[in-house]
Amino acid sequence: MPRRRRWWLLAVAGVLAAVVAFGNYALIAGQDERVDVLVLTRDVGWGQRIGEGDLGVAKAVPDQSLASITASERAGVVGRVARSTLPAGSVLTPGQLSAQPVPGPGERLLGLPVKPGHLPARGLSPGDLVQVSPVASGTGTDAGQASASTAGAFRARVLGVGLPDSTGAVTVDVVVGADAAQAATSASAGQVVLVQLGPGA
């Protein structure tokens with residue numbers, strides 16, 4: 001009986017050694033298959049161009065579904081535009097980038113002065129879709145404000161938000177289509193309220 005126990009112990013030890021050896025081989029083989037891919041070293045907002053200083057290199061195992069961009073393609077990435085807000089550390093893929101600048105053909109970029117309480121308290125981020133609603137100035141004496149108050153609401157895409165001034169007001173850069181360009185220009189002369197819209201709105 002003792003000999004039989006020793007035989008089983010030796011068999012179990014052999015199996016465990018084989019499993020460990022296979023695991024080490026798979027780990028080493030996986031590391032050997034890793035390639036250099038491009039990652040972001042800082043947050044990049046929607047519509048911003050990728051600069052040389054925004055790019056870093058990391059090791060990754062190629063993934064057909066991910067289609068990451070290799071380090072050798074670095075020159076082709078610099079100058080492209082982010083199609084959404086990308087956090088630092090993101091592994092870049094072709095679908096995240098575009099050659100189309102912002103604003104694109106037919107679009108307009110303008111700044112809207114927004115008072116405290118006229119936008120969400122948590123703030124707005126590049127890429128957010130908002131509804132811009134002009135509001136009456138209260139006095140009606142300023143021709144520009146009067147035209148702004150009578151303009152209709154329109155939708156826009158946030159490109160950036162400036163720092164607050166001494167009154168707490170901020171300038172929000174927005175991109176609008178050609179159909180809303182006139183309303184946006186009028187609204188920029190008066191007061192507006194920005195309402196963030198959710199997906200599919």
Side-chain angles (χ1 to χ4, degrees), residues 12-112 114 119-130 155-164 170-178 194 196-201:
V12 170
V15 171
L16 290 175
V19 170
V20 171
F22 178 79
N24 289 336
Y25 169 79
L27 179 62
I28 294 173
Q31 290 177 341
D32 290 341
E33 293 176 357
R34 293 185 305 173
V35 297
D36 290 335
V37 297
L38 293 177
V39 298
L40 288 177
T41 58
R42 70 175 184 91
D43 296 344
V44 175
W46 169 79
Q48 293 184 354
R49 289 187 180 276
I50 305 294
E52 182 69 35
D54 300 328
L55 300 175
V57 177
K59 293 284 188 180
V61 177
D63 187 338
Q64 295 293 336
S65 61
L66 186 60
S68 53
I69 301 176
T70 62
S72 62
E73 301 173 90
R74 188 187 193 103
V77 171
V78 175
R80 286 188 166 266
V81 175
R83 298 181 63 180
S84 62
T85 297
L86 304 174
S90 297
V91 176
L92 289 177
T93 64
Q96 296 172 328
L97 307 176
S98 172
Q100 181 65 58
V102 176
E107 295 179 331
R108 302 290 186 272
L109 169 63
L110 71 157
L112 298 175
V114 185
L119 76 169
R122 68 176 186 178
L124 295 169
S125 301
D128 285 345
L129 179 64
V130 295
R155 293 187 178 190
R157 186 75 65 176
V158 176
L159 183 62
V161 180
L163 296 175
V170 297
T171 297
V172 180
D173 288 342
V174 298
V175 176
V176 298
L194 301 187
Q196 184 177 359
L197 303 176

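Between the side chain of Asp43 and the backbone N or O of Pro87 there is no donor-acceptor pair closer than 3.5 Å. Looking at Arg49, its side chain does come within 3.5 Å of a backbone N or O of Gly79 through a donor-acceptor pair. Listed for the Ser90 side chain is no donor-acceptor partner under 3.5 Å among the backbone atoms of Leu40. Between the side chain of Arg74 and the backbone N or O of Leu55 there is at least one donor-acceptor pair closer than 3.5 Å. Side chain of Thr70 to main chain of Val37: no donor-acceptor pair is present (N/O by atom type, distance under 3.5 Å, no hydrogens or angles). Judged by distance alone, the side chain of Thr41 and the main-chain N or O of Gly53 form a donor-acceptor pair under 3.5 Å. Not one N or O on the side chain of Arg83 forms a donor-acceptor pair closer than 3.5 Å with the backbone of Val81.
Pairing each heavy atom of Gly47 with each of Leu159, the nearest pair is CA-CD1, 4.1 Å. Summarising the geometry of Ala82 relative to Gly45, their closest heavy-atom pair is CB-O, 3.6 Å, with the distance given to 0.1 Å. Nearest heavy-atom pair across Val39 and Ala58 is CG1-CB, 3.9 Å. Minimum heavy-atom separation, Gly127 to Trp46: N-CE3, 3.6 Å. Taking all atoms of both residues into account, the shortest heavy-atom contact from Thr171 to Gly111 is CG2-CA, 3.9 Å. For the residue pair Pro120 and Leu194, the shortest heavy atom distance occurs at CD-O, 3.6 Å.
With contacts defined as side-chain heavy-atom distances shorter than 4.5 Å, the pair Ser125/Val158 does not qualify. Between Val35 and Lys59, every side-chain heavy-atom pair lies at or beyond the 4.5 Å cut-off. In this structure, Asp173 and Leu109 have side chains that are in contact, with non-hydrogen atoms separated by less than 4.5 Å.
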Item to complete: Check the pair Val78, Ile50 against side chain to side chain contact (heavy atoms under 4.5 Å, CB included), reporting the backbone distance first and the verdict last.
Response: CA-CA 5 Å; Val78 175; Ile50 305 294; 5.6 Å; no
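In this structure, Arg80 CZ and Leu92 CG are separated by 11.5 Å, a value rounded to the nearest 0.5 Å. Here Leu97 contributes atom CG and Leu86 contributes atom CG; the two are 7.0 Å apart, rounded to the nearest 0.5 Å.
Using a 4.0 Å cut-off between charged nitrogen and carboxylate oxygen, Arg157 and Asp128 do not count as a salt-bridge pair.
The only member of Leu119, Leu163, Leu124 that meets side-chain contact (heavy atoms from CB on, under 4.5 Å) when paired with Val170 is Leu119.
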